[in-house]
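Before any comments, here is the structure.
A quick note: this is a predicted structure, and the numbers were derived from the prediction, not measured. Naming convention: chains lettered A, B, ... in sequence-line order (proteins, then strands); numbering from 1 in each chain.
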Number of protein chains: 2
Amino acid sequence: MTVIFSKKCEYGLQAVLYMAAKESGCVCPSEEIARKLKIPKEFVSKILQNLTDSGIVDSKKGKSGGFMLAKDPSKIRLIDIVAAIDGLDIFNSCVLGFPSCSPDKPCPVHHNWGELRSKAYEMLASETLDKFKEKTINKIGKI
Amino acid sequence: MTVIFSKKCEYGLQAVLYMAAKESGCVCPSEEIARKLKIPKEFVSKILQNLTDSGIVDSKKGKSGGFMLAKDPSKIRLIDIVAAIDGLDIFNSCVLGFPSCSPDKPCPVHHNWGELRSKAYEMLASETLDKFKEKTINKIGKI
DNA sequence: TCAAAAACAGATTAAATTGTCTGATTAAAA
DNA sequence: TTTTAATCAGACAATTTAATCTGTTTTTGA
C-alpha cells in the first residue's frame, strides 16, 4: 500500500492548515497541534522546525512560545509545503517507475498521467491557505 | 519524497506490460524480464510469484520455464495489478492523511481530490494491456 | 531571580520497504 | 539418466521512513 505524500508531509500539511485556521499571528505550541490533530508531538515539532528553515513557519522559543505562519495565509499554497517536505519529484517522475520517461520516450501511460498530474499540481498551487479556513475548522472541530 | 505506487507495484506493472508486449502465451524467465527492465531478478521473481497467486500470471517450473500472463491481455487491466500488489486504499484514503475523511466530514481538499482520484482510477481501469503493446515496445526497445 | 514551558539539536529505536541469499523442487534437454 | 535452468519458499540483510528519547538553550511569567 502506498500513499501520495509521506507521513511527514501529511502532518506538515495538517499542521499548517491548522495554524491558518486560527487567528493570524497567534502562537501554537507543538503540543497543542499534536493533541488537536492526534499526531506525535515530537514528530510534528521536527517537521515544523523544517518548515521554519524553509521560511513557511516562524517559531518563538521559551515559555508561551510555539509556531506560527511566517506569512499571511493568502501567501502560502499547499504546494509550498509539499515542495519543502517531499519535494516536487512526484510531479515529474514516471508513475510506472521507468527511468528517463520523457515526451519523446514516453511510458505507456505517459500522456494520460501527465494530464492528471498537471491538474493535481494546479489544485495544490492555485489555492492559498486562507481559502481552507472554514473547511479546516469544519473538519477538525473547534480550534 | 514519495511516489504513487510502491517499487513492488511499479516493477509488477512493468513486468506485466513487458509480457503483454511479447507474443501471447510465450514464456518469460524472470532473468530475462529483470535484464530487459533493469530491475533486480530475485525481486521481480517474488513479485511475479505474488501475481501468480492472484491469478494474473501463470508460471512454469523447470528448465525453459518462466512466467506468462494467465489470461489474454485484453482481459487484464493495470488496476488489476495495482489491486493485487498495493491494494486500492490509495483511491479511498484521505490525501492529507486525516482519519475518517468522508463526504459528510470532508478534509479541505476532499472534493477536488476525489475528482482527480476517480479520473486516475478510471484511467487504470478502462484500458487493458493489449492497448499498450506498441507503446511498451516503443519505450523499452526490442523485445 | 527562578521555575516552567517552549523550541532545538542530535542520537537512538522501531517499523516498513526493498533487495539478497540459500536451498528445495521441478521439468526439459543433452 | 544426468545436468541444467527455472520456479518457489523462507530466511536474512540493507535501506528508508517514522517515531521516540535525552539533553540544551531560550524566554516568559510568577
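- C/dT22 atom P lies 10 Å from atom CD of B/Glu42, rounded to whole Å.
- The residues A/Lys75 and A/Asp72 are annotated as not salt-bridged, no charged nitrogen and carboxylate oxygen being separated by less than 4.0 angstrom.
- When only modelled atom types and interatomic distance are considered, B/Gln49 and B/Ser45 share a side-chain donor-acceptor pair under 3.5 Å.
- When the side-chain nitrogen and oxygen atoms of A/Tyr11 are compared with OP1 and OP2 of D/dA19, one or more of them lie within a distance under 4.0 Å.
- Distance B/Gln14 CD to C/dT18 P: 13 Å, rounded to the nearest Å.
- Rounded to a whole Å, the CZ atom of B/Phe5 is 18 Å from the C1' atom of C/dT18.
- Residue-level contact check: A/Gly65 touches the backbone only, with heavy atoms under 4.0 Å from sugar-phosphate atoms and none from bases.
- Contacts between residues 46-60 of chain B and DNA chain D, counted as heavy-atom distances below 4.0 Å, involve B/Lys46, B/Gln49, B/Ser59, B/Lys60.
- In this structure, A/Ile39 places its CD1 atom 16 Å from C1' of D/dT17, rounding to the nearest Å.
- For the pair A/Gly12 and A/Ile85, the tightest heavy-atom approach, listed with the atom from each and the gap, is CA-CD1, 4.1 Å.
- When distances are taken from the side chain of A/Ser64 to each of C/dA28, D/dT27, D/dT28, the shortest belongs to D/dT28.
- Comment: A/Lys139 does not engage A/Glu134 in a salt bridge, judged by the lack of any side-chain N to carboxylate O separation of less than 4.0 angstrom.
- Using a 4.0 Å cut-off on heavy atoms, the residues of residues 25-34 of chain B that approach DNA chain D are B/Pro29, B/Ser30, listed by number.
- Counting non-hydrogen atoms of neighbouring residues, nucleotides and ligands closer than 6.0 angstrom, the CD atom of A/Glu31 exceeds 12 such neighbours.
- Rounding to whole angstrom units, CZ of residue A/Phe43 and C1' of C/dG10 are separated by 16 Å.
- Taking atom NZ of A/Lys41 as the reference point, atom C1' of C/dA6 lies 8 Å away to the nearest angstrom.
- Protein atom NZ of A/Lys8 is 11 Å distant from nucleotide atom P of D/dA19, rounded to whole Å.
- Counting non-hydrogen atoms of other residues, nucleotides and ligands closer than 6.0 Å to NZ of A/Lys133 gives a total above 12.
- In summary, A/Lys7 and A/Glu10 engage in a salt bridge, as defined by a charged side-chain N under 4.0 Å from a carboxylate O.
- The distance between atom NZ of A/Lys7 and atom P of D/dT20, rounded to the nearest whole Å, is 12 Å.
- Between the CG atom of B/Asn50 and the CD1 atom of B/Ile56 there is a distance of 10.0 Å, given to the nearest 0.5 Å.
- With no hydrogens or angles considered, no side-chain donor-acceptor pair links B/Asp130 and B/Ser74 at under 3.5 Å.
- Side-chain atoms of A/Lys61 lie closest to C/dA7 of the nucleotides C/dA28, C/dA7, C/dA4.
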